[in-house]
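In what follows, chains are A, B, ... by sequence order, proteins preceding strands, each numbered from 1.
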Amino acid sequence: MTDLNGWQIATFFVWLIGSVTFILALKFLASPKTARVGNLLGAAGMALVILWTFFTYDLAQPGSEPGMLENWWIIVVGGAIGSVAGVLGARRVPMTAMPQMVAIFNGAGGGAAAVVALAEFLEFAGHGEGLLPLPFVIATLAGGIIGSVALTGSIVAFGKLQGIVAARPVMLPGQQIITGALFLAMLAIAVYIAAFENSIPLFLLFVALALVAGVVLTMPIGGADMPVVVSLLNSYTGIAVAASGFVLSNYALLIAGTLVGASGAILTQLMTKAMNRSLVNVLFAGFGTGGDVAGGEEGEESLKEINAEDAAVLMAYGKRVIIVPGYGMAVAQAQGPVRELMDLLVSKGVDVQFAIHPVAGRMPGHMNVLLAEANVPYDRLQEMDEINDDFADTDVALVIGANNVVNPVAREAGSPISGMPILNVDQAQHVIVLKRGRGAGFAGIPNPLFSLEKTSMLFGNAKETVESLVQGVKTA
Amino acid sequence: MTDLNGWQIATFFVWLIGSVTFILALKFLASPKTARVGNLLGAAGMALVILWTFFTYDLAQPGSEPGMLENWWIIVVGGAIGSVAGVLGARRVPMTAMPQMVAIFNGAGGGAAAVVALAEFLEFAGHGEGLLPLPFVIATLAGGIIGSVALTGSIVAFGKLQGIVAARPVMLPGQQIITGALFLAMLAIAVYIAAFENSIPLFLLFVALALVAGVVLTMPIGGADMPVVVSLLNSYTGIAVAASGFVLSNYALLIAGTLVGASGAILTQLMTKAMNRSLVNVLFAGFGTGGDVAGGEEGEESLKEINAEDAAVLMAYGKRVIIVPGYGMAVAQAQGPVRELMDLLVSKGVDVQFAIHPVAGRMPGHMNVLLAEANVPYDRLQEMDEINDDFADTDVALVIGANNVVNPVAREAGSPISGMPILNVDQAQHVIVLKRGRGAGFAGIPNPLFSLEKTSMLFGNAKETVESLVQGVKTA
Amino acid sequence: MDPTTLSPFALLAALFITVLAAFIGYEVVSKVPTMLHTPLMSGANAVHGVIVVGAMLVAATSDGPLRIALALLAVILGTINVVGGFVVTDRMLEMFKKRPGERG
Amino acid sequence: MDPTTLSPFALLAALFITVLAAFIGYEVVSKVPTMLHTPLMSGANAVHGVIVVGAMLVAATSDGPLRIALALLAVILGTINVVGGFVVTDRMLEMFKKRPGERG
Ligand SMILES: NC(=O)c1ccc[n+]([C@@H]2O[C@H](COP(=O)([O-])OP(=O)(O)OC[C@H]3O[C@@H](n4cnc5c(N)ncnc54)[C@H](OP(=O)(O)O)[C@@H]3O)[C@@H](O)[C@H]2O)c1
Ligand SMILES: NC(=O)c1ccc[n+]([C@@H]2O[C@H](COP(=O)([O-])OP(=O)(O)OC[C@H]3O[C@@H](n4cnc5c(N)ncnc54)[C@H](OP(=O)(O)O)[C@@H]3O)[C@@H](O)[C@H]2O)c1
């Protein structure tokens with residue numbers, strides 16, 4: 001350690017540059033103006049660290065011949081497969097499926113960290129007599145458990161978001177006992193490995209249990225809360241990567257992993273706060289169920305329907321219309337027609353604004369992304385706090401596939417979304433709600449807004465209903 | 001380095017705890033609610049690191065007997081002297097002289113860092129044959145030069161703020177040549193010491209030149225800009241301390257010094273920004289002169305005077321009065337009477353607000369500190385941006401010892417304060433200005449506000465004139 | 001590097017670096033607007049893709065089919081993380097870019 | 001510690017720590033309100049008073065009148081910095097404390 005050769009010293013500087021770009025990447029990503037540059041900067045730093053490692057590995061080993069990494073074919077083959085998979089996945093995914101994609105990439109990272117921990121343990125365990133040094137064993141155990149939980153947890157999250165696994169909370173019988181037993185078993189194995197015997201089979205068992213734990217911890221959480229879970233697992237992967245960095249004495253990994261571990265933890269907090277929830281509540285309360293749980297059919301009779309022509313007239317002759325987009329607009333990919341509707345109304349002299357709830361859709365910023373994609377000018381998108389007082393002066397609030405974020409029960413105590421700030425849609429003169437059917441939303445909570453006197457329902461897939469509204473406004 | 005004993009390892013943990021408290025101290029100091037706790041936390045961490053070093057020094061040396069620091073009397077005697085001086089200085093200083101005090105404490109720190117660098121160089125230079133390792137030499141040179149500049153620069157800043165040294169910019173004949181020559185000489189000596197001979201006499205010469213440089217760099221800067229200079233020198237001392245931490249392989253010093261170096265640099269930027277200046281402009285433009293430079297007597301004839309009784313009546317029967325305090329209120333220590341005036345006016349049903357310009361006085365927050373000291377309720381203090389639109393609706397703007405911050409020439413091009421945001425005092429119905437005489441303010445720029453039709457002057461020391469206003473309002 | 005040669009000093013240095021990096025991670029994102037939560041999460045996700053470097057180091061010293069298989073797996077997973085992460089983040093952010101000067 | 005034994009690794013670790021600490025210093029104060037500029041400057045000034053620890057280490061190994069005199073000077077100066085710095089900052093901040101619930 002004390003006699004570093006020149007290549008090794010240079011490697012430290014490359015790590016330092018890489019670390020600085022990662023810090024700046026996160027910093028820039030936290031501000032709209034610089035976010036894209038930040039991401040590119042992070043990618044550049046990453047490329048530098050990866051290429052440097054590839055081309056100088058041998059040089060940086062004391063006393064070895066210049067040349068490339070010995071098993072370079074593993075890296076080339078693995079890198080090629082991974083790159084193709086990564087790029088295809090990232091390019092092909094529709095905007096609505098972004099959270100799933102992030103979950104999968106995160107799971108891959110967690111899996112890689114777990115495999116690295118495993119491989120390091122395999123390499124050194126049982127070689128000498130005596131036990132391996134404690135810090136080394138702790139770090140490999142940490143990388144193994146956290147990386148594994150991140151892997152399977154992310155896969156379950158992906159499944160729930162993609163609709164492959166049931167989105168509602170799935171509780172095992174005796175859930176808490178199983179979880180408790182799992183963690184006790186892992187703790188016992190970890191202590192045994194660290195203090196008594198660096199046993200490879202036990203390490204494998206340990207990792208296997210951690211993989212199970214990832215599933216057991218994630219299944220009871222409802223699909224609507226998955227973005228928060230993905231963010232938390234992202235933080236976990238960061239910690240697992242930091243542990244690998246510690247094991248490998250690689251400061252680029254150590255710093256990058258710690259950065260993500262810490263910032264991911266804060267981000268998770270911020271996300272739960274935007275939903276007015278606590279992390280404990282998200283992880284253990286079994287909220288965020290599918291619409292098929294509670295009695296979503298209540299008040300069905302009292303829903304008043306409207307046809308597209310009448311709705312169009314109402315808007316075209318109003319002074320101000322506020323459009324409230326929600327998850328349904330994302331599902332239906334209705335943002336294009338919505339923009340057309342806006343243009344038409346504006347050309348008729350109507351003041352059209354969009355009210356963006358911070359957690360509308362399935363990821364924060366979801367609505368902003370979709371509407372920007374459809375070229376809705378940025379200055380028509382209003383944050384909740386800016387626009388909430390304006391509903392009272394509004395002729396028509398057009399709710400396109402939003403439900404929870406406009407549900408007035410949030411203002412009362414005792415409901416699962418109590419205390420969540422909502423858009424004051426019910427203060428508008430008229431409310432027009434676009435949804436497919438009479439069921440409750442993703443969280444399964446009935447919405448009294450729909451049965452108000454001033455509310456009219458326009459049923460159907462949002463894309464088609466908005467298109468018929470466009471027709472209606474044209475002829476109005 | 002590889003075989004640390006238990007005490008040495010414990011020392012690293014103490015450094016880590018200390019470093020965390022320093023980080024939290026700065027973080028908490030940046031927010032009003034937590035500032036005081038932050039300072040106390042930093043002091044606690046500091047006490048821990050100091051006491052630990054004192055009691056474990058010997059234990060932390062490999063192979064030495066348990067016991068206290070060998071030359072413990074130096075530390076006890078020096079610590080006692082320093083503590084008494086520090087506490088007395090800090091306790092006795094009047095609120096108006098805070099910036100001076102910070103300058104002196106900062107100078108002491110810079111001096112200590114320079115002496116530490118010198119002592120380390122003396123200890124190791126010339127012992128072996130060969131040259132000392134380059135990083136060691138660079139770090140001692142850096143500590144020596146930066147610490148010395150911080151020392152003498154701070155002394156000059158103290159002198160200017162305290163009025164011992166002329167506050168106006170003092171340019172040496174051939175200032176730039178002298179500065180250039182000084183730095184070239186220091187550079188040459190540094191290169192020689194590092195690359196050719198670890199010469200002690202040259203190191204002493206190097207430090208001596210640096211002490212001169214501190215004076216030469218600070219003298220040309222005007223007294224009004226001294227707080228910015230103190231902040232910059234504070235950052236310098238931080239860097240010098242970090243260099244010492246590097247030389248001594250002490251992470252507490254390294255981290256604390258770097259933290260202060262970086263945060264001091266940002267703070268300096270923020271301070272110049274609050275004055276709408278650039279750092280280069282502050283350091284080299286020779287602005288901030290005494291009032292005796294420019295033709296401050298211009299327009300003297302046109303100044304209209306008012307007596308205290310008339311001024312009192314004007315305020316007592318107004319609906320809204322805005323008080324604009326400035327450096328003169330601080331000098332005259334008039335905050336007590338000002339508060340009384342406010343109370344009286346409020347009891348007569350007048351709406352009284354204070355307009356706080358960010359750089360009124362001689363340090364940021366100066367006015368807030370003074371008015372809080374006099375128990376003026378916080379909610380009557382309005383920041384410039386909040387209150388600037390309200391002057392138009394105001395009956396009387398009472399300017400107490402403020403000048404630059406209300407000078408309308410800042411709105412025009414070509415004056416040294418051009419572009420500085422100012423309080424729109426000239427939009428009020430009546431303006432009453434309290435100052436001692438007809439001279440221009442600290443920066444020597446004539447103020448056309450004083451000769452406006454709507455402006456009346458009430459000459460005299462602010463404490464007395466405000467007291468007579470109080471009498472006037474009582475009888476009005 | 002052989003973990004059995006890790007000196008106490010190296011461990012302590014790593015500890016300092018970890019604590020400082022954690023502070024930075026906290027400070028740097030603590031003011032992020034809601035709108036950017038997802039891109040930030042995605043960007044951070046890409047950053048921990050640096051684990052691919054760890055996978056490369058494992059690959060470099062691998063012998064025997066088991067360890068080679070593990071190394072290959074780690075490299076594939078790490079590459080998916082890093083490549084996919086940056087690309088998908090860029091795609092998300094592309095949506096934000098057209099803001100100024102564009103009115104309907 | 002004898003500087004001639006400083007290993008390249010120790011130097012590099014110090015470099016990492018310095019860079020990270022600089023980032024923290026930057027981030028932590030970059031949002032400070034104007035009102036707190038002076039207390040923050042003063043508090044930061046107290047923090048670099050940790051140089052007194054360096055002075056103590058110099059004192060510990062001093063022999064000969066010159067080095068002892070230097071050590072004494074360094075300890076005095078460092079103590080003034082650290083003690084005066086924290087006390088004066090506290091005094092400044094005392095002024096701010098009475099805010100809430102106090103109306104004239
Ligand atoms: N944004 C985030 O970061 C985030 C993260 C995690 C969880 N969440 C949660 O997600 C929820 C978001 O609220 P939200 O109001 O946007 O959505 P929501 O409460 O899930 O409601 C979606 C609405 O869209 C309708 N819909 C679905 N598909 C449609 C289609 N093709 N055409 C027309 N309508 C359709 C649904 O009714 P039908 O089924 O009858 O059509 C439902 O009324 C909140 O509970 C929030 O806490 C958000
Ligand atoms: N706050 C900061 O952080 C900071 C830092 C550095 C520089 N500065 C600079 O300092 C200036 C502050 O502006 P300012 O308007 O507060 O002060 P100023 O421009 O210096 O004016 C002070 C006024 O108070 C009067 N005065 C002095 N002593 C008085 C007394 N005993 N009784 C009554 N009046 C008295 C002076 O006139 P007479 O002499 O006729 O009495 C003068 O008109 C700005 O230029 C700013 O850039 C501020």
Side-chain angles (χ1 to χ4, degrees), chain B residues 1 22-23 26-27 29-30 35-36 39 43 53 57 69 71 74-75 78-79 81-83 85-86 89-90 101-102 105-106 108-109 111-113 115-116 119 135-136 231 234 237-238 241 244 246 248-249 253 255-256 258-260 262-263 266 271 274 358 363-365 368-369 372-373 377-378, chain D residues 1 3 7 11 14 17-18 21-22 24-26 28-30 32 34-35 37-45 47-51 53-60 62 67 70-90 93 95-96 99 102-104:
Chain B
M1 192 58 89
F22 300 154
I23 293 169
L26 293 184
K27 186 176 161 61
L29 274 165
R36 207 164 175 214
N39 186 53
T53 308
Y57 176 80
L69 211 48
N71 291 327
I74 303 182
I75 293 165
I81 298 176
S83 297
M101 213 60 225
V102 175
F105 294 151
N106 179 52
V115 174
V116 168
F136 173 82
S231 175
N234 190 38
T237 305
V241 171
S244 304
F246 185 82
L248 297 162
S249 300
L253 264 68
I255 292 174
T258 308
L259 278 176
V260 177
S263 58
I266 302 312
M271 283 170 74
M363 58 184 199
N368 302 63
V369 169
E373 193 185 31
Y378 188 70
Chain D
M1 254 165 239
S7 69
L11 297 180
I17 289 173
T18 305
I24 297 177
Y26 176 89
V28 143
V29 308
S30 59
V32 59
T34 322
M35 199 173 64
H37 281 182
T38 305
L40 178 59
M41 171 170 83
S42 180
N45 171 52
V47 165
H48 68 48
V50 73
I51 186 64
V53 168
M56 291 164 70
L57 298 176
V58 167
S62 292
R67 293 199 72 236
L70 284 179
L72 188 62
L73 179 62
V75 172
I76 294 176
L77 290 176
T79 311
I80 291 179
N81 185 179
V82 73
V83 173
F86 281 116
V87 173
V88 88
T89 310
D90 192 59
L93 292 170
M95 312 275 82
F96 289 97
R99 260 192 255 150
E102 199 185 355
R103 325 214 129 212

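Residue with the most contacts toward chain B among D:Val32, D:Ile51, D:Val88: D:Ile51 (heavy-atom pairs, distance under 4.5 Å). Ranking B:Ala256, B:Ala108, B:Gly86 against chain D, the residue ahead of the rest is B:Ala108, based on heavy-atom pairs under 4.5 Å. The most heavy-atom pairs under 4.5 Å with chain B, out of D:Asn45, D:Val29, D:Val28, come from D:Asn45. Chain D forms the most heavy-atom pairs under 4.5 Å with one residue out of B:Ile23, B:Leu29, B:Ile255, and that residue is B:Leu29. With respect to chain B, the highest number of heavy-atom pairs below 4.5 Å among D:Thr89, D:Leu40, D:Thr38 belongs to D:Thr38. Considering only heavy-atom pairs separated by less than 4.5 Å from chain B, the leading option among D:Ala44, D:Ala22, D:Gly85 is D:Ala44.
The parts of D:Ile24 that come within reach of chain B are both its backbone and its side chain, each placing non-hydrogen atoms under 4.5 angstrom from that chain. Contact of D:Leu72 with chain B is made through backbone and side chain together, with heavy-atom distances under 4.5 Å. Both the backbone and the side chain of D:Val50 have a heavy atom closer than 4.5 Å to some heavy atom of chain B. Of the atoms belonging to B:Pro135, it is side-chain heavy atoms, and not backbone ones, that fall under 4.5 Å from chain D. Contact of B:Ser83 with chain D is made through backbone and side chain together, with heavy-atom distances under 4.5 Å.
Across all their heavy atoms, D:Ser62 and B:Asn71 have their closest contact at O-ND2, 2.8 Å. When every heavy atom of D:Ala74 is checked against every heavy atom of B:Val115, the shortest pair comes out as CB-CG1, 3.7 Å. D:Gly84 and B:Ala90 make their closest contact through O-CB, 3.7 Å (heavy atoms, listed as atom of the first residue, atom of the second, distance). Listed here is the closest heavy atom pair of B:Ala112 and D:Gly78: CB-N, 3.7 Å. Of all non-hydrogen atoms in D:Leu77 and B:Gly111, the two that sit nearest each other are CD1-C, 3.8 Å. The minimum heavy-atom distance linking B:Ile75 with D:Ala59 is given by the pair CG1-CB, 4.1 Å.
One finds the NE2 atom of D:His48 at 9.5 Å from the OG atom of B:Ser263 (value rounded to the nearest 0.5 Å). Distance check, rounded to the nearest 0.5 Å: CG of B:Asn234 to CE of D:Met41 gives 7.0 Å. Atom CD1 of B:Ile74 sits about 9.5 Å away from atom CZ of D:Arg67, to the nearest 0.5 Å.
Counting only distance, with no hydrogens or angles, the side chain of D:Asn81 and the backbone of B:Asn106 share no donor-acceptor pair below 3.5 Å.
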Does the pair B:Phe246 and D:Thr18 meet the rule for a side chain to side chain contact (heavy atoms under 4.5 Å, CB included), with working shown?
CA-CA 9 Å; B:Phe246 185 82; D:Thr18 305; 5.7 Å; no

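By the side chain to side chain donor-acceptor pair (under 3.5 Å) test, B:Asn39 pairs with no residue at all, sequence neighbours left out.
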